[in-house]
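One structure is given below, encoded as structure tokens.
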Protein chains: 2
Amino acid sequence: MRDSVTILQEHGIQPSAQRVAVADYVLKTVEHPSADLVWTRVKARVPYISRATVYNTLNLFVEKGLLRALALAEDSVVFDPNVDRHHHLVDESGAIHDIPWDKVQVCNIETLKGFEIHDYQVVMRGVRKSARRKS
Amino acid sequence: MRDSVTILQEHGIQPSAQRVAVADYVLKTVEHPSADLVWTRVKARVPYISRATVYNTLNLFVEKGLLRALALAEDSVVFDPNVDRHHHLVDESGAIHDIPWDKVQVCNIETLKGFEIHDYQVVMRGVRKSARRKS
DNA sequence: ATCCACATTTAGACTTAGTCTAACCACCCA
DNA sequence: TGGGTGGTTAGACTAAGTCTAAATGTGGAT
């Protein structure tokens with residue numbers, strides 16, 4: 001995994017200590033955290049970071065294309081460091097899983113009359129099937 | 001369009017004056033209103049209805065299958081009286097349009113390993129193409 | 001090294017969406 | 001006539017997020 005400082009610089013973001021701390025967590029996670037969860041996680045390593053900074057930083061990262069903000073569940077916006085096209089599965093437990101773009105195909109979307117589609121994804125609800133050994 | 005009182009009764013909901021007022025608006029609208037917009041719209045006809053009642057009523061309608069709650073945009077949950085399967089297009093203006101189920105097809109979703117899909121839809125972002133005469 | 005201008009961070013006030021609570025009302029039925 | 005059950009209400013409360021004004025950090029010119 002590449003260095004957070006480098007990634008920030010490549011996207012025209014001054015790599016301050018706080019921003020690097022946020023990047024170190026949020027660019028590598030797969031847990032689709034809410035902003036407050038990001039705050040909690042980052043505070044565990046850098047206790048002096050403020051809530052406003054976390055929100056500012058997350059919004060900056062979204063603006064600069066490092067993150068995507070997703071409004072999939074009812075109760076909060078979550079962040080996803082996977083900015084390539086992909087689909088999402090919202091588990092009934094609340095967990096969110098990325099589904100690779102080529103696992104599912106959407107047909108006839110370009111023939112929709114009257115609209116210009118800029119982007120789309122399939123949003124699924126379901127449960128992760130319990131794997132073999134559970135206990 | 002059928003009578004709101006009848007529809008409520010068929011779904012096991014006591015048709016109080018407030019509930020009928022909410023139903024009269026929200027079961028017929030196509031504007032995908034937020035809860036507060038429902039309150040505003042209903043208050044225009046029934047000024048003595050309280051915010052809590054609107055929220056209670058909307059949640060009751062969702063529970064009883066008269067409405068679906070959608071978390072598509074970042075800033076609030078909206079309600080949709082169309083409870084049949086369909087897709088959604090979120091216009092850049094913020095407006096939400098229903099896209100009929102058979103306009104678009106999703107393939108290979110049943111072959112997804114490791115998950116049991118209960119429900120899905122395609123969520124699109126884009127703009128409504130300006131029709132001929134604009135001015 | 002020093003200074004300045006500007007960027008960043010901070011705590012806390014503020015806003016907005018939504019839930020909860022406890023009192024209140026209205027009807028049905030004994 | 002007096003409960004009891006439903007529904008409604010205002011307002012307190014909570015949670016997510018934004019804003020503000022002050023403090024602090026930083027890079028570049030000298």
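None of these values were measured; they are calculated from a predicted model.
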- prompt: Where does D:dG6 land, syn or anti, once you apply the within-90°-of-0 test for syn?
  reply: syn
query: Rounded to whole angstroms, how far apart are CZ on A:Arg51 and C1' on C:dA13?
result: 12 Å
- request: Between A:Ala35 and B:Ile13, just flag the one whose closest nucleotide in DNA chain D comes earlier from the 5' side.
  value: B:Ile13
- prompt: Taking CD from A:Gln18 and P from D:dT24, how many angstroms apart are they, rounded to a whole number?
  reply: 14 Å
- prompt: What's the CD1-P distance between A:Ile49 and C:dT8, to the nearest Å?
  reply: 14 Å
- request: Select base, sugar-phosphate, or nothing to describe what B:Ser16 touches, counting heavy atoms under 4.0 Å on all strands.
  value: sugar-phosphate
task: Go through the steps to decide whether A:Tyr55 and A:Asp36 satisfy the test side-chain contact (heavy atoms from CB on, under 4.5 Å), and finish with yes or no.
output: CA-CA 8 Å; A:Tyr55 276 85; A:Asp36 269 359; 3.2 Å; yes
- prompt: In whole angstroms, how far is the P atom of D:dA10 from the CG atom of B:Asn56?
  reply: 13 Å
message: In this structure, how many angstroms lie between the P atom of C:dA11 and the OH atom of A:Tyr48, rounded?
response: 12 Å
query: Looking at B:His97 versus A:Phe115, is the centre-to-centre ring distance below 6.0 Å?
result: yes
statement: Per nearest nucleotide of DNA chain C, the residue lying toward the 5' end, B:Ser34 or A:Thr53, is A:Thr53
message: Tell me if a side-chain donor or acceptor on B:Arg19 pairs with a main-chain N or O of B:Gln14 at a distance below 3.5 Å.
response: yes
- prompt: Given atom CZ of B:Arg19 and atom P of C:dA26, what is their separation to the nearest angstrom?
  reply: 16 Å
message: Rounding to an integer number of Å, can you tell me how far B:Leu58 CG sits from C:dT19 C1'?
response: 14 Å
message: Need the pair for C:dA5. Rule: Watson-Crick or G-U wobble, both distances under 3.5 Å, any strand; none if unpaired.
response: D:dT26
- request: Please check the phosphate of D:dG17 (OP1 and OP2 only) for any side-chain N or O of A:Asn59 closer than 4.0 Å.
  value: no
Nucleotide nearest B:Ser50 when distance is taken to its side chain, options C:dG18, D:dT9, D:dG17: D:dT9
- prompt: Which base sits across from C:dT19 as a Watson-Crick or G-U pair, both distances under 3.5 Å?
  reply: D:dA12
query: Do A:Asp24 and A:Arg45 have side-chain heavy atoms sitting under 4.5 Å apart?
result: no
- prompt: Would one find more than 12 heavy atoms of other residues, nucleotides or ligands at under 6.0 Å from atom CZ of A:Arg128?
  reply: no
query: Between A:Trp39 (CH2) and D:dT18 (P), how many Å, whole number?
result: 15 Å
query: Between C:dG18, D:dG17, D:dA10, which nucleotide gets closest to the side-chain atoms of A:Tyr55?
result: D:dG17
statement: Side-chain contact check for A:Gln14: nearest option of C:dG12, C:dA17, C:dT8 is C:dT8
